[in-house]
Amino acid sequence: MNKQRNPSPAFQKKQHAAISAAKIQGKNPVLPVIQQGAALPKWVYGLILALTFAFYGNTLFNHYALDDTMVITQNEFVKRGVSNIPKILKYDTFNGRYGTVAVNLPGGRYRPLSVITLAVEYELFTDAETKRLIQDKLDQGKNDDDAALLIETPLPYVNHLVNILLYAITAWVLLLIMLRLFPLESTTGWRALFNIPVLTVIFFVAHPVHSEVVANIKGRDEIMTLLGALCALYFTLRWLDTNKLKHMAYAFLAFLLGLFSKENAITFLVVIPITMYLIRPCSVKFMICGLLSALLVFPFFKGHAGLFFVSVIPLLVCLFISEKDKRYIMALLPLYLAAFIFLLARQSAINLDPLPERELMNNPFMYMLSGQKWASIIYVLGCYLWLQVFPYPLTTDYYPYHIPIMNFSDVSVIFITLFYVALGAFTFWGIFKRNKYAYAVVWFIVPLSIVSNIFVQVGTFMNERFIYISSIGFCMVLADFLIYQLPKWIKQKTLYQGVVACFMLTLLCLYGADTVARNKAWYDDFTLSTTDVKTSPKSAKANYDAARVYNIELQKATDSAVRDSITRLINKYSRRAVEIHPNYENALLLLSWSNNTLGQPPDSSIKYLLRLIRWNKHNPFAVDALAVATANYPDLEKKIEIWEYVAKLVPDRFEPNFNLAAIYSSVGRFQDALTYFEKAVRLNPEHAQALMGAGAMYANTAKFGKSVEMFERAAKLIPNDTLVYINLYRTYVSVGDGAKAQEALGKYWALKTPPAQ
């Protein structure tokens, strides 16, 4: 912790005079605090650490949930330990989960630093035997979800502990920054709590909307990106104080690490110049120049166009900036350099030109008209404001259609639009006036912009973790209300302090109860999914996830009554998911399977599988599932009709041709069977059963030469199968080759006769 020096008596006097004047005027603009703020008692930092553990200590006993599969339990790069750090840096973060398969998510997912920390923890806190078991599976090409193995090690405990500690450190750094932005009324005793910097940080630590970030290990990328960005801001201000180059170097390193944790840190290229303008004697031209330079970075997310900003910065400096402002521009140069390095690395790692997204769960606006899309985006911005004030109930699932399709005719959309227009106008005006509330809005809007779906599609309507950074602005306003607005109504000092104390205690109890309860839902994937489906019953993904985790539980159940009960739950939730999203592939598979397992008419399973095949003919499981669903289909002609239809839909797939050939063979339509067996063999020449079927059909149609060829090829693939040799024997007899017939018969009896004891 950086030790702070006490300000001079003259400076303290100036601070208190400014505070008193601000209270009389009913306002408190951001003061130009250009020397380090007063030192707070050490117990304040201890209190922040204690509150962090009080709210999040119960996560230490949690396992893995949600996206932890992406970054830990099913991430091959992490499970190979520190030796794979170069790959973590080289590839999209999700490549560790999906291998070389292209990850077709909007904007890519390049967040290597948090994943590197997880790889280091895996290396240090996973025992040798567990590592060996996982390594053996990976070497065999099996990248299983190894949560069951890893929860038997100290690793989950360490992962959660590191998240909590990083969160506490973030709060400390935020406090150091707030001390530079806002004056202190008192630093003695418990009155040290009655200051905007302290209250802002306490409210930030306690806010329940952060539970997704801290309780989900994958949320570490959010924690680390904010920590890096805050450190960059802090050291930038320190350089302006001291002119020591080491602080400029620290700012560069901190910002680079924040960016490599997650792209969101790049929004601080806007936050930091505005902060400097508000608390330093720099000109409006500096702020405009800084913001323009920052905004030119964003095209880099789309490709090489962002390189343009490198040449524009010096031009702006030469044309617009006065000599006194050049020092402030110099303070920003390490941040631009860090951004440039990160964006080059990101550009080389991700797919900048993904294929059009056909899955609603990755493109929630897919079926919306343009007006509906923008109305829904605006509605979500209103939801973010609501969650800041009333963070209940919380959920991980804001997928279609937990957030409904909105229109500009909806009253709520009209109100939110007008509110944000007014907020934007006020912020634009307020920044130039150095207004503290406008500055708080900057903290809310700027980090939110990158995940708002306005500039970059993020693959979902909203997420609670998306307002992790933005909540700082709300906490600043709440703290300001208690310190500067409430005294206007409660004049008596003792009563005022009692009211503030009661308010804080009540709010912390409410926040704490909400956070601790929410942390329990993050215990594991089953608990989280079965909890959130109750909060998000209109979400297709929430319902599918509930069906999915119940399907996993089904594999563990042995009692028939329990299995039947679980199967009904799978059917219930997968049906809801399909009702919301009719082409939801995984939900269609589960619904079809559960219908079949519960003994419902075959058509109730088949119709969903046909829908799935029509939607995605390349789905690897649909045709196999259809074979199971039609196995006991009573109407043979209808069964043939189904498979003829599928064979036309996917003529280049082996399975429908093979299944159709087998059906025709079973009813004695040998020529039709032969046609489809021939197609099946062409599509998969190494499939022994297809070769056997083709051989039998050639024999039944008196094409014995081709029959021998098929059986001989099958014998090479399944040399220990008695059926292939008896078929070869009969075919050789048919073509008059007695020697080979006897040889085949000998092999048949050799396999048929048990070895002597």
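Heavy atoms only: backbone and side chains are in, while hydrogens, waters and symmetry mates are out. All residue numbers in this chain count up from 1 along the given sequence.
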Salt bridge present between D652 and K617 (N-O < 4.0 angstrom): no

Are D545 and S529 linked by a side-chain donor-acceptor pair shorter than 3.5 Å? no

Spell out, as yes or no, whether a donor-acceptor pair under 3.5 Å connects the side chain of N595 to the backbone of S604. yes

Are D139 and Q135 linked by a side-chain donor-acceptor pair shorter than 3.5 Å? yes

Partner of I570 by side chain to side chain contact (heavy atoms under 4.5 Å, CB included), out of L591, L554, L598: L554

With a 3.5 Å cut-off and no angle check, do the side chains of N95 and K90 form a donor-acceptor pair? no

To the nearest 0.5 angstrom, please state how far the CD1 atom of I642 sits from the CG atom of N659. 12.0 Å

Evaluate whether atom OH of Y732 has more than 12 neighbouring non-hydrogen atoms of other residues, nucleotides or ligands under 6.0 angstrom away. yes

Is a donor on one side and an acceptor on the other found under 3.5 Å between the side chain of S734 and the backbone of R730? yes

Using modelled atom types and a 3.5 Å cut-off, is there a donor and acceptor pairing between side-chain atoms of D532 and backbone atoms of T535? no

For A349, does its backbone N or O pair with a side-chain atom of D92 as donor and acceptor, under 3.5 Å? no

Classify the ring geometry between F461 and F365 as parallel (under 30°), tilted (30 to 60°) or perpendicular (over 60°). perpendicular

Are the side chain of R97 and the backbone N or O of Q74 linked by a donor-acceptor pair below 3.5 Å? no

Could you measure the distance from the CG atom of N159 to the CZ atom of F125? Nearest 0.5 Å is fine. 9.5 Å

Whether Y544 and Y584 hold their rings parallel, tilted or perpendicular, with breakpoints at 30° and 60°: tilted

Looking only at side-chain N and O atoms, does T130 offer a donor or acceptor that is under 3.5 Å from a partner on T153? no

